[in-house]
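Step one of this worksheet: look at the structure below.
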2 protein chains.
Amino acid sequence: MTSPSTTAAPGAVDPASPTWTIAEVAEEFGVTHRTVRHYEDLGLISPERRGTTRVYHRRDRTRLGLILRGKRLGFPLEEIRTIIDLYDAPRGRRSQLEYVLAQIDERREDLEQRRRDLEAALSELTEFERRCRSDLERMA
Amino acid sequence: MTSPSTTAAPGAVDPASPTWTIAEVAEEFGVTHRTVRHYEDLGLISPERRGTTRVYHRRDRTRLGLILRGKRLGFPLEEIRTIIDLYDAPRGRRSQLEYVLAQIDERREDLEQRRRDLEAALSELTEFERRCRSDLERMA
DNA sequence: CACGTTCTTGACGTTGACGTCAACGTAAAG
DNA sequence: CTTTACGTTGACGTCAACGTCAAGAACGTG
């Protein structure tokens, strides 16, 4: 159901690496094809074109996974784009590498703020549950 | 600057508990008064009215804090409302308490999924930084 | 080769979360 | 007593993130 397309056709470019159609990746990640196309419009993924048809490689699936995780974490798509582009950014020159390292630091700050918020929310929830359970006990 | 209004006027209802104006709470939480009013429109906060003017109590500030944390965690406002309402929900009857406990469990599931996503993102980022630093070393 | 399935590109609609006026009330200050 | 600062209610605008048609093109199958 989520197995790659049988791309053994004459026009196959690299038979070693599997490819997927838009319907397959959408199905697999639980989104609509419209969503996948929207991410492409925003430049978050750029599948190969065989003629006019989109052909998705492992790289695209990886990026789609990162996008959806970013969404679950509440990041806007524009920000997600800069984040995953970071992973593919050129790091040839020292200046580029240092820029990337600086970006990484910003990202970490943000993620750790979120973690603090998350921990706080979870511990408040746990404390609230404790109170509820003690209430329940007193009622029995 | 964020100190409560001096509500020692003749019309003071309870001089023991401090109150704030909309400008004060907005300032304090770093949002606009429009945002605060929007949250009221959606029923996330319901400040007292003295005449036509809104008067904010500690309870409202607490809720506003929860709202903004929920936003930082990427929850939609409607969902945030059900969450913070949960904390104020009546728990008099056993059935109500059990409902609340069930809701708590759903919440926890959600938050823990987010935590997993967050941990994954952070460890990938750390691994990526390690690779970058090793690249940098080889260039020196 | 007709046919249904899957793909494509627009283009407009919708929902959430506010921003941004306009037009007006009110209360302390000069 | 007018000014000025802050408050109020609409109502419309905007931006992100898609949903939802419409109208074709391409492709395997009977």
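Letters A, B, ... mirror the listed sequences (proteins, then strands); counts begin at 1. No hydrogens, no waters, no symmetry mates; every other heavy atom, side chains included, goes into these values.
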Checklist entry - Rounded to whole angstrom units, what separation is found between the CG atom of A:Asp41 and the C1' atom of D:dA16? => result 13 Å

Checklist outcome for this item: Tightest non-hydrogen contact, residues B:Arg114 and A:Leu73, listed as O-CD2, 3.7 Å

Checklist entry - Do B:Thr126 and B:Ser123 have side-chain N/O donor and acceptor atoms under 3.5 Å apart? => result no

Checklist entry - C:dA17 P sits how many Å from B:Arg34 CZ, rounded? => result 12 Å

Item to check | Whole-Å gap separating P (D:dC18) and CG (A:Leu44) | outcome: 10 Å

Checklist entry - Any side-chain N or O of B:Thr53 less than 4.0 Å from the OP1 or OP2 oxygen of C:dT26? => result no

Next on the checklist: Among A:Arg138, A:Arg133, A:Arg131, which residue satisfies the salt bridge (charged side-chain N to carboxylate O under 4.0 Å, His left out) criterion with A:Asp135?
Outcome noted: A:Arg138

Checklist entry - Does B:Tyr39 make a side-chain N or O approach to OP1 or OP2 of C:dA17 shorter than 4.0 Å? => result no

Checklist entry - Rounded to the nearest Å, what distance is computed from the CD atom of residue A:Glu27 to the P atom of nucleotide C:dT6? => result 11 Å

Item to check | Whole-Å gap separating P (C:dT20) and CZ (B:Arg37) | outcome: 14 Å

Checklist entry - Under 4.0 Å between a side-chain N or O of A:Thr35 and OP1 or OP2 of D:dG19? => result yes

Checklist entry - Does A:Thr21 make a side-chain N or O approach to OP1 or OP2 of C:dC7 shorter than 4.0 Å? => result yes

Item to check | Side-chain heavy atoms of A:Arg61 within contact of A:Val25, under 4.5 Å | outcome: yes

Checklist entry - Mapping B:Thr52 and B:Pro76 onto DNA chain C by nearest heavy atom, which one lands closer to the 5' end? => result B:Pro76

Checklist entry - In whole angstroms, how far is the C1' atom of C:dT15 from the CD atom of B:Glu78? => result 11 Å

Checklist entry - Among B:Arg69, B:Arg72, B:Lys71, which one satisfies side chain to side chain donor-acceptor pair (under 3.5 Å) with A:Asp117? => result B:Arg72

Checklist entry - Separation of B:Ile22 atom CD1 from C:dC18 atom P, in whole Å? => result 14 Å

Checklist outcome for this item: To the nearest angstrom, the CZ-P distance between B:Arg49 and D:dT8 comes to 6 Å

Checklist entry - Is there a side-chain polar atom (N or O) of A:Lys71 under 4.0 Å from OP1 or OP2 of D:dA17? => result no

